[in-house]
Number of protein chains: 2
Amino acid sequence: MTEASSSLSAATAAAVVQALALRELRLTANRRSVLAMLEHGERPLTTEEVAAGSGVPVSTVYRNLAELVDAGVVVRVAGAGGGDRHELAEAFSEHHHHHLVCTDCGIVTDFTPSRQLETLIEQEVGALLASEGFEVAHHVFDVRGRCRACSSVRR
Amino acid sequence: MTEASSSLSAATAAAVVQALALRELRLTANRRSVLAMLEHGERPLTTEEVAAGSGVPVSTVYRNLAELVDAGVVVRVAGAGGGDRHELAEAFSEHHHHHLVCTDCGIVTDFTPSRQLETLIEQEVGALLASEGFEVAHHVFDVRGRCRACSSVRR
DNA sequence: ACTGTGAATGAGAATCATTATCAATATGTT
DNA sequence: AACATATTGATAATGATTCTCATTCACAGT
C-alpha cells in the first residue's frame with residue numbers, strides 16, 4: 001500500500017475490467033498496482049519484483065497474479081531458475097515479441113522476430129490442430145544463452 | 001534400486017561416459033537408470049516420474065539430474081505447473097524437436113517442425129549476437145494449449 | 001449518500017518442490 | 001587388495017508458493 005511509481009493506462013484498464021468481469025473479479029487498487037508494474041516494466045517480472053516495486057504484500061501478489069493468469073490478462077514466462085516471471089498478455093500490451101533468457105543472471109529481455117518468421121510459425125502451429133488434435137493457445141519462442149553483461153565476465 | 005524396465009543403449013552410454021569424464025563424474029548404476037528413463041520415455045519427464053519409474057531415490061534423482069544438466073547431457077524443459085521436466089540433450093538423442101505443452105494436464109509431448117522453419121529460426125537467432133550482444137546457447141520453441149484428451153473433456 | 005452481499009486483503013501457517021548435509025558405500029586405479 | 005575420490009540415501013533445511021480466516025473493501029440497489 002505504499003505507492004506505484006506510475007499508474008495503469010486508461011486503455012489497458014478498460015480492457016482489463018472487461019476480462020475480469022467475466023470471472024467476477026474486480027479491478028482493485030492492488031490489482032491496478034500489479035498490472036501497472038507489468039505494463040511499465042520492459043521485461044517479464046518475478047513475483048518478488050512485482051511485490052517489491054508495487055508495495056503490495058507478497059501473498060496478495062501471488063494470489064492476484066494467479067487470478068490474472070487465469071483470466072488471460074497476464075502470462076507466465078519461464079525464466080532460468082529463480083521464480084516464474086510474468087508479463088501482460090499480448091492482447092493487453094504493445095506488440096508480439098519473444099524472449100532472450102540469460103542462463104547466468106536469469107534476466108529476461110524482449111525481442112521481436114521478423115515478420116517472415118512469425119508468419120511461418122503461425123502457419124506451422126495452426127496445422128497442429130489437424131495433425132495432433134492439439135488446441136493451440138499460443139506459442140513460446142525463447143532464446144537462451146548469456147546476455148552481453150554476463151558474457152563479458154565469468155567463464 | 002528396484003529395476004529399470006529397459007537399459008541405456010550402448011551408443012548413448014559411450015557418448016555419455018565421455019561427457020561425464022570431463023567433469024570427473026562416473027556413469028554409475030543410478031545414473032544409468034535415470035538416463036534410461038529419459039532415453040525410452042517419449043516425452044520429457046518430471047523428477048518424480050523418473051524416480052518412480054527407475055526406483056532411484058528422489059534425493060539422488062534430483063542430484064543426478066542437476067549434474068547431468070550441468071554436463072550438458074540432459075536439458076530441462078519448462079512444463080505447465082508441477083515440476084520441471086527433463087529429456088536427453090539433442091546431442092545424445094534422436095533428432096531436433098520441440099514441445100507441445102498441455103496447460104490443462106501439464107503433459108509435454110514432442111513435435112518436429114518443418115526444415116524450413118528450423119532454418120529460418122537458426123538464421124534469426126544467429127543474428128542476435130551481432131544485434132544484441134547475446135551469446136545464444138539454444139532456442140526453445142514450445143506450443144501451449146490443450147491436448148486432444150483434455151480438449152474433449154472440460155471447459 | 002446508505003446498506004448489504006460477496007469479493008479482496010494480509011499476516012502468518014501450512015505445503016510442496018528442491019537443495020544441502022554427512023556418514024556409509026561404491027568406483028576406478030595403482 | 002588398498003587407496004583416493006566420487007556417490008549414495010535418509011533426513012534436515014531451505015525457499016517458493018498456496019492456504020486460512022478474520023477484517024476490510026467494492027459495487028449494486030435503494
Side-chain angles (χ1 to χ4, degrees), chain A residues 1-4 8 13-14 16-37 44-52 54-71 73-74 76-86 106, chain B residues 1-4 8 13-14 16-35 37 44-52 54-71 73-86 106:
Chain A
M1 203 178 262
T2 34
E3 31 57 75
L8 189 62
V16 168
V17 168
Q18 302 251 337
L20 293 184
L22 295 175
R23 310 217 164 202
E24 301 182 303
L25 295 176
R26 298 163 180 174
L27 181 52
T28 63
N30 278 338
R31 299 215 253 249
R32 266 177 196 280
S33 304
V34 167
L35 290 167
M37 284 291 294
L45 304 175
T46 62
T47 306
E48 286 299 337
E49 288 172 332
V50 172
S54 65
V56 176
V58 284
S59 66
T60 297
V61 173
Y62 270 109
R63 190 167 359 128
N64 283 354
L65 284 175
E67 292 158 340
L68 291 167
V69 167
D70 280 351
V73 176
V74 168
R76 264 191 243 282
V77 174
D84 281 343
R85 286 160 188 276
H86 308 77
Chain B
M1 202 176 265
T2 34
E3 31 58 74
L8 189 61
V16 168
V17 168
Q18 302 252 336
L20 292 184
L22 295 175
R23 310 219 166 200
E24 301 182 303
L25 295 176
R26 298 162 180 174
L27 180 53
T28 63
N30 277 338
R31 298 214 254 248
R32 265 178 195 280
S33 304
V34 167
L35 289 168
M37 284 290 294
L45 304 175
T46 62
T47 306
E48 286 299 337
E49 288 172 332
V50 172
S54 64
V56 175
V58 284
S59 66
T60 297
V61 173
Y62 269 110
R63 192 171 356 135
N64 283 356
L65 284 175
E67 292 158 340
L68 291 166
V69 167
D70 280 353
V73 176
V74 168
V75 298
R76 265 190 245 281
V77 174
D84 281 344
R85 287 160 186 275
H86 308 76

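Going from atom CG of A:Leu68 over to atom P of D:dT17 covers 16 Å, rounded to whole Å. In this entry the distance linking CG of A:Leu20 with C1' of D:dA26 reads 13 Å, nearest Å. Whole-Å rounding puts the A:Arg32 CZ to D:dC25 P distance at 17 Å. Between the P atom of D:dT24 and the CZ atom of A:Arg63 lies a distance of 16 Å, rounded to the nearest Å. Put simply, CD on A:Glu67 is 12 Å from C1' on D:dT18, counting in whole angstrom units. B:His86 places its NE2 atom 14 Å from the P atom of C:dA17, with the value rounded to the nearest Å. Note: CG (A:Leu27) to C1' (C:dT9) measures 15 Å, nearest angstrom.
A sub-4.0 Å separation between OP1 or OP2 of D:dT8 and a side-chain N or O of B:Thr60 is absent. Phosphate proximity of C:dT19 to B:Tyr62: absent, as no side-chain N or O sits under 4.0 Å from OP1 or OP2. Checking the phosphate oxygens (OP1, OP2) of D:dT8, a side-chain nitrogen or oxygen of B:Asn64 falls inside 4.0 Å. OP1 and OP2 of D:dC25 both lie 4.0 Å or more from every side-chain N or O belonging to A:Asn30.
Between B:Ala29 and B:Ser59, the residue anchored closer to the 5' end of DNA chain C is B:Ser59, taking for each the nucleotide with the nearest heavy atom.
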Where does DNA chain C pair, written as one dot-bracket string 5' to 3', with Watson-Crick or G-U pairs under 3.5 Å, ( ) inside the strand, [ ] for crossing pairs and | for another strand? ||||||||||||||||||||||||||||||
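The side chain to side chain donor-acceptor pair (under 3.5 Å) test applied to B:Arg32 returns no partner, not counting sequence neighbours. Scored by the side chain to side chain contact (heavy atoms under 4.5 Å, CB included) test, B:Ala78 finds A:Ala78 as partners (sequence neighbours excluded). A search for salt bridge (Lys or Arg N to Asp or Glu O under 4.0 Å) contacts involving B:Glu67 returns B:Arg31, not counting sequence neighbours. Among residues two or more places apart in sequence or in another chain, the side chain to side chain donor-acceptor pair (under 3.5 Å) test is passed with B:Gln18 by none. By the side chain to side chain contact (heavy atoms under 4.5 Å, CB included) test, B:Thr60 is found to be paired with B:Asn30, B:Val56, B:Pro57, B:Arg63, B:Asn64, residues two or more places apart in sequence or in another chain being considered.
A:Leu20 is listed as a side-chain neighbour of A:Leu68, based on a closest heavy-atom distance under 4.5 Å. Residues B:Glu49 and B:Arg85 meet the side-chain proximity criterion, which asks for heavy atoms closer than 4.5 Å. Residues B:Leu45 and B:Met37 have side chains in contact (heavy-atom distance under 4.5 Å, counting atoms from C-beta outward). Side-chain contact between A:Asp84 and A:Leu65 is absent, with no heavy-atom pair separated by less than 4.5 Å.
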Atom pairs, protein N/O to nucleotides 1-7 of chain C N/O, distance under 3.5 Å:
unit_1 : atom_1 : unit_2  : atom_2 : d
C:dG6  : N2     : A:Arg26 : NH1    : 3.2
C:dA7  : O4'    : A:Arg26 : NH1    : 3.4

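Residue B:Thr28 is classed as a sugar-phosphate contact, given heavy-atom separations below 4.0 Å to backbone atoms only.
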